[in-house]
Amino acid sequence: MGSPLIRLRGITREYPSGEGVLRVLKDIDLDIAQGEFVAVMGASGSGKSTLMNILGCLDRPSSGSYLLDGREVAQRDPGELAALRRETFGFIFQRYHLLSEMTALGNVEVPAIYRGLPREARRARARDLLDRLGLGDRLGHRPGQLSGGQQQRVSIARALVNDARVILADEPTGALDSRSGDEVLAILERLNAEGRTVIIVTHDPKVAARARRVVEIADGRIIADRRSDAPAEPARLAALPPARATAPVLGRLAEALRMAVLAMRAHKLRSFLTMLGIIIGIASVVSVVALGEGSRQRVLQNIAGLGTNTLQIYPGRDFGDMRSGRVTTLVTADGAALARQPHVASVSP
Ligand code: ADP
Ligand code: MG
């Protein structure tokens with residue numbers, strides 16, 4: 001056999017805490033082959049979600065090696081990592097993480113938009129997936145109008161829209177009643193039977209019992225790794241048509257705009273606060289400029305009022321010269337002489 005799908009060696013994850021560090025994962029070694037159904041089990045706070053985030057390339061280990069398809073994840077560039085998160089992995093969360101402003105169909109379409117799948121193709125695929133998950137009559141419903149189990153099925157459809165090979169489910173039944181939880185598990189089993197690798201995090205032994213392999217984790221270490229039977233033959237996946245990277249630029253722009261508006265509507269308070277910041281910024285710049293311009297005009301007006309262009313000539317040496325009354329050299333003829341100067345507009349003696 002070649003290299004497994006996933007190979008972790010000596011993975012650690014540390015968070016800074018106070019002066020020291022908090023070691024959440026300690027020296028994790030784990031191999032997962034294509035087509036396995038693995039349950040990661042452990043108490044709350046044992047590091048399960050941290051491990052899942054590293055597996056899904058949502059987080060990076062502090063040290064250790066993570067080979068995916070035989071290639072080191074740490075050496076891939078950000079674009080490759082984004083493509084992995086978008087196309088290789090499908091994420092399912094305990095709290096669904098659906099966009100409340102969008103319909104079920106819209107939510108399922110989102111990853112395909114980022115992948116650049118043409119509108120018609122992704123709509124058809126999203127509809128088909130929701131149909132297969134028993135939500136064919138709920139396409140136009142928003143998450144708030146769906147039950148928890150239905151919302152989780154929408155999020156499973158979203159995880160599948162880009163034909164993910166690996167499904168990562170973090171406590172997918174944690175917020176569900178036991179019947180909806182059973183439905184979700186049955187769907188995951190079906191996906192596994194189709195040949196997808198399914199990794200599910202749970203603290204519920206009944207849920208873990210459905211998996212063919214249980215990895216137990218306690219305090220950041222793997223303490224047990226049991227298999228209930230041999231891994232099934234990896235089946236072939238029904239591949240999606242490759243995304244047309246050459247979707248028309250204008251179409252992509254319109255799509256980006258649509259996503260931007262949706263994101264703003266989904267985060268109303270944040271958008272309002274951002275706008276408020278911009279408004280305050282622009283208002284203060286405008287008022288400072290207006291204040292400056294206004295006072296400049298005012299000063300100019302005052303100076304003009306004093307008469308910068310009017311000269312008054314008195315006899316004597318300076319203003320208030322006591323002897324000026326006795327000076328008689330300034331005569332009416334001087335006025336006429338001044339009036340003859342080219343730069344003098346008028347003279348009044
Ligand atoms: P589980 O999913 O098994 O309940 P987690 O992987 O979420 O546990 O968390 C494991 C431990 O790591 C917890 O003690 C948690 O407080 C800590 N932890 C998780 N994320 C962070 C973080 N971003 N910063 C600091 N500590 C964290
Ligand atoms: Mg968790």
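One-based numbering, in listed order, for ligands and for the atoms of each. Reckoned from all heavy atoms, side chains included, excluding hydrogens, waters and symmetry mates.
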Closest protein heavy atom (residue, atom, distance) for atom 19 (C) of ligand 1 =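 Checked against all protein heavy atoms, atom 19 (C) of ligand 1 sits closest to Tyr15 CE1, 3.6 Å.
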
Distance from atom 2 (O) of ligand 1 to nearest protein heavy atom, with residue and atom =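 Answer for atom 2 (O) of ligand 1: Ser49 OG, 2.7 Å.
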
Quick one: which ligand 1 atoms are inside 4.0 Å of a heavy atom on [X]?
X     : value
Ser44 : 4 (O)
Ala43 : 3 (O)
Val24 : 10 (C), 11 (C), 12 (O), 17 (C)

Within a strict 4.5 Å, meaning less than it, do heavy atoms of the [X] and [Y] side chains meet?
X      : Y      : value
Glu216 : Arg226 : yes
Ile54  : Arg60  : no
Leu68  : Phe89  : yes
Arg85  : Leu58  : yes

4.0 Å protein heavy-atom contact status of atom 15 (C) of ligand 1, strictly under =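 No, there is no protein heavy atom closer to it than 4.0 Å.
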
Are any non-hydrogen protein atoms located under 4.0 Å from atom 23 (N) of ligand 1?
->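 There is a protein heavy atom less than 4.0 Å from atom 23 (N) of ligand 1.
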
How does Thr50 reach ligand 1, if at all, at less than 4.0 Å between non-hydrogen atoms: by side chain, backbone, both, or neither?
->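 The answer is both, backbone and side chain.
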
Between CE on residue Met102 and CZ on residue Arg158, distance to nearest 0.5 Å |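 Result: 10.5 Å between the selected atoms.
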
When rounded to the nearest 0.5 angstrom, what distance separates CD1 in Ile92 from CD1 in Ile167?
->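 Interatomic distance, Ile92 CD1 to Ile167 CD1, rounded to 0.5 Å: 5.5 Å.
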
Is Ser44 close enough to the Mg ion (ligand 2) to have an N, O or S atom under 2.8 Å?
->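 Looking at Ser44, which is the residue asked about, there is no N, O or S atom under 2.8 Å from the Mg ion (ligand 2).
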
Looking at ligand 1, does any of its N/O atoms fall within less than 3.5 Å of an N/O of Gly45?
->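 For ligand 1, there is an N or O atom that lies under 3.5 Å from one belonging to Gly45.
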
Whether Phe91 and Phe93 hold their rings parallel, tilted or perpendicular, with breakpoints at 30° and 60° |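 If you compare the ring of Phe91 with that of Phe93, the planes turn out parallel.
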
